[in-house]
Amino acid sequence: MSSHHNGAGLKIKINDRLKDILNMRDRALRALGDAFRGLTSAKGAHEIQLPASHQLMQPKERIHGDLASNLALVSASCLGRPPREIAASIAEVLRADPLFERVEVAGPGFINLFISPRCWRENLLEIYRQGASFGTCQAGEGTKVLLEFVSANPTGPLHVGHGRGAAVGDSLGRILKAAGFEVEKEYYINDVGNQMNTLGASVYLRYQELFGRKVDFPKEYYQGDYITDIAKDIVSAKADAFLDKPMGSCLDFFVKTAVDDISAGIKKDLDDFGVSFDNWFSERIIHDSGLIEKTIRELSEMGHIYEEDGALWFRATAFGDEKDRVVRRSNGVLTYFAADMAYHRHKLERDYGLLVDIWGADHHGYVPRVKAAIKALGYAEDKLKVLLVQFVSLMEDGKTKSMSTRSGEFVTLREVLDEVGRDAARFMFLTRKSDSHLDFDLTLAKKEGQENPVYYVQYAHARLCSILKNAEELDINPAKSYDGVNTDLLATQEDLDLLKHLDAFQQVVRESAVALEPHRISYYLTELAGLFHNYYAKNRFIGEDRGLTFARLLLADTTRQVLENALGLLGVSAPKQM
RNA sequence: GCCCUCGUAGCUCAGGGGAUAGAGCACAGGAUUCCUAAUCCUGGUGCCGCAGGUUCGAUUCCUGCCGAGGGCACCA
């Protein structure tokens, strides 16, 4: 089974990042690489890269150092020497590097690296100076990414599931941008097809009802109350103008009114949720421009389309899908898939380096056929990454709220927003990997206490602001610069833990971008806030010792900045006070 | 039936070829003369679904099975 479903994130060269200010891990990696090359060339081998299976990881145990490398273990066979011996040679070279306080060979041949505390401390001022840009990098090398998400049909208000997709997409956009990608966010409006007529007809029938007419409202029509609300608006605006008109003669009006109304509501919801788009792309354009026919024709010329039982079929099986797909039905109507092929082709021709689609998990069966289309059109299937977002179950007071779109009983994004607020909603949506189920606990999201992770993080930021404000009033650092600060005074375990975690941010952003996983930022934030709260409980920032106060204020200032940067990637606010 | 995703602490979930598998919640106890107690500290539980395989090493990768969810339209 080849990987036409997405799986892991992007493939990116991560060897050449000299444009970026290196974080500690990168510096260690480079030292390791140099040592390894020195070792191999001494043996007569030339230009050996670090093995692909090499890992520079963060050990779980502190006694195993800040970083541990398995380099000696994975290169033992190709060098023909025992792992521990290789490790010892590498360790000896590394010991000369002031970056390391200690280098140890352990277990079967791990190289445990202990970064010199002095380096961590010097690093702090560097992070501070990067300010709002700390965490950004050039890993994306300006690759243009088109991020398509939400794309809900304009047939009803957004529900919580869309909300999750919106949060993931918007946050991912921010993260990719920070990692050096050029991002465009797009909403694809499915404003063509049968559903539009059904929508208009639903409103028409409700309109009739408002005048006391008995109507037979089919159960496959849109049931929600919002349909009646639209009908009421029409009554206010046009009174009984359509009352005695047959539906066929005024359906277009009802469709247009409904779509306009619902679309405006969707935009408003997204706006209030802090989610914006660069493009609102109407499916109508795909139809009206003749792009679908053109795409079918070209595929046909390449022999990927055939006719059977009066319908036109795309030979998807030739490109890894399990069955061929109809693009034009025997009644002459184009399928949704045909439009989607054309739409993706349109995207591909707009010349992006990467397309990312964020879909509800119920569409996962759709991935192979769209990828098949992309391949048939002559593009690499890697060009498209599809992120599947699992459903959200809402919990309140320990009970699950039932939802069913069919019956019109769904909880809307609006309701959640009104109830828990933008920040809590966004954070909750981003605390899980997008393809795993999410239990959204409304009761928890509304709590203003430590059990609510949103407040936990925001509170850390507010606390820091308060400290810095106090310092300002005491006139301790009027220039807002830390020239001459003596960071050697940051010598406790809490200091080092915080310093290390601050440094890790850039790496987290990069990995989060490459893996297309915004939730990593949430975890990072929770951890950083935890380290700070712990620090706060054990140390005073402002004290009698002016030098120490100065150093700790630098730490506070930097921590606050990183919290703000990270929260910004989630689209969650960083309040100055709470 | 076929395909996809998932199975980790009481609950919700991270992690992931590497050394003793984590967090939050829940539960219990404690901490405030002092920068925001929306905080902190202390308590412990895991056949990492089951069975094989790959290798120096598997909870992680592969295969099969069991269980949960989703998908398999000339629907959108």
Side-chain angles (χ1 to χ4, degrees), chain A residues 1 4-5 7 53 55 57 59-61 63-64 68 70 73-74 76-77 82-83 106-110 112 153 155 190 192-196 198 220 283 308-313 321-323 325-337 339-340 360-368 388 390-391 393 395 398 431-433 435-441 444 447-460 462-471 473-474 517 519-520 522-523 526-527 529-530 532-543 549 552-553 556 577-578:
Chain A
M1 214 56 229
H4 49 54
H5 37 276
S53 53
Q55 287 186 314
M57 56 216 144
K60 290 162 200 149
E61 300 296 321
I63 55 159
H64 293 132
N70 66 350
L73 285 100
V74 297
S77 59
F110 289 109
N112 293 340
N153 300 349
T155 54
N190 295 128
V192 177
N194 234 336
Q195 50 171 353
M196 289 298 109
T198 306
E220 66 272 20
E283 181 181 351
E308 193 175 291
D309 301 330
L312 283 184
W313 297 72
D321 196 8
E322 37 179 45
K323 52 176 80 166
R325 307 293 175 178
V326 172
V327 293
R328 198 182 69 203
R329 293 189 266 159
S330 52
N331 64 9
V333 176
L334 294 165
T335 60
Y336 179 87
F337 174 60
D340 228 19
D362 54 333
H363 286 76
H364 81 254
Y366 218 79
V367 178
L388 298 173
Q390 272 292 353
F391 297 120
S393 329
M395 313 261 295
T431 50
R432 301 275 177 265
K433 218 166 28 179
D435 61 3
S436 66
H437 293 267
L438 173 66
D439 275 2
F440 191 125
D441 190 333
L444 178 65
K447 277 190 189 164
E448 298 192 347
Q450 64 178 46
E451 61 272 53
N452 185 341
V454 190
Y455 287 96
Y456 186 78
V457 175
Q458 288 185 318
Y459 181 53
R463 252 185 167 177
L464 281 159
C465 287
S466 175
I467 292 165
L468 294 165
K469 189 162 157 267
N470 290 336
E473 280 162 11
L474 292 171
E517 291 181 348
H519 75 278
R520 296 185 187 217
S522 312
Y523 279 85
T526 306
E527 216 173 315
F532 164 70
H533 284 310
N534 179 274
Y535 189 99
Y536 181 91
K538 289 182 181 161
N539 306 283
R540 284 193 59 82
F541 282 85
I542 299 170
T549 299
R552 286 191 174 162
L553 283 178
Q577 59 181 38
M578 293 174 74

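Note that the structure is a prediction, hence the values are computed from the model and not measured. Letters go in sequence order (proteins before strands), and every chain restarts at 1. Just the heavy atoms: all of them, side chains too, but no hydrogens, waters or symmetry mates, feed the values below.
Residue order along RNA chain B, read from the 5' end via each residue's closest nucleotide, puts A:Gly107 first among A:Gly543 and A:Gly107.
A:Ser466 comes within contact range of at least one nucleobase, with a heavy-atom separation under 4.0 Å. Residue contacts for A:Ala556: at a heavy-atom cut-off of 4.0 Å it reaches no nucleic acid atom on any strand shown. A:Lys433 comes within contact range of the sugar-phosphate backbone alone, with a heavy-atom separation under 4.0 Å but no base atom that close. At a threshold of 4.0 angstrom between heavy atoms, the contacts of A:Asp340 with the nucleic acid are absent. Using a 4.0 Å heavy-atom distance criterion, A:Leu468 is classed as making no nucleic acid contact.
Considering only residues two or more places apart in sequence or on other chains, A:His533 meets the ring-ring contact (aromatic ring centres under 6.0 Å, His included) condition with A:Tyr456, A:Tyr459. Considering only residues two or more places apart in sequence or on other chains, A:Arg325 meets the salt bridge (charged side-chain N to carboxylate O under 4.0 Å, His left out) condition with A:Asp321. Residues passing the side chain to side chain contact (heavy atoms under 4.5 Å, CB included) test with A:Ala311, sequence neighbours excluded: A:Trp313, A:Val326.
Put simply, CG on A:Asp439 is 6 Å from C1' on B:U12, counting in whole angstrom units.
In terms of heavy-atom proximity, A:Asp309 sits nearest to A:Ser330 at O-CB, 3.7 Å.
In this structure, A:Gln577 places its CD atom where only 12 or fewer heavy-atom neighbours from other residues, nucleotides or ligands lie under 6.0 Å away.
When distances are taken from the side chain of A:Asn70 to each of B:C40, B:G15, B:G18, the shortest belongs to B:G18.
Rounding to the nearest 0.5 Å places OG1 of A:Thr431 at 8.5 Å from CZ of A:Phe440.
Here, B:C56 and B:G64 have their P atoms 25 Å apart, quoted to the whole Å. Taking atom P on both B:A21 and B:G46, the two are 10 Å apart, rounded to the nearest angstrom.
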For RNA chain B, please output the secondary structure as dot-bracket, reading 5' to 3'. Pairs are Watson-Crick or G-U wobble, both atom distances under 3.5 Å; mark crossing pairs with [ ], other-strand partners with |, unpaired with a dot.
(((((((..((((....[...)))).(((((.......))))).....(((((..]....))))))))))))....

Considering only nitrogen or oxygen atoms on both sides, find all protein atoms under 3.5 Å from nucleotides 32-34 of chain B and state each distance.
{"unit_1": "B:C34", "atom_1": "O2'", "unit_2": "A:Arg540", "atom_2": "NH1", "d": "2.9"}
{"unit_1": "B:C34", "atom_1": "O2'", "unit_2": "A:Arg540", "atom_2": "NH2", "d": "3.2"}
{"unit_1": "B:C34", "atom_1": "O2", "unit_2": "A:Arg540", "atom_2": "NH1", "d": "3.4"}

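For A:Asn534, no side-chain nitrogen or oxygen approaches OP1 or OP2 of B:U39 to under 4.0 Å.
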Mark up nucleotides 69-76 of chain B, 5' to 3', with B wherever a protein heavy atom is under 4.0 angstrom from a base atom, S wherever such an atom reaches only the sugar-phosphate, and - elsewhere.
SBSSSBSB

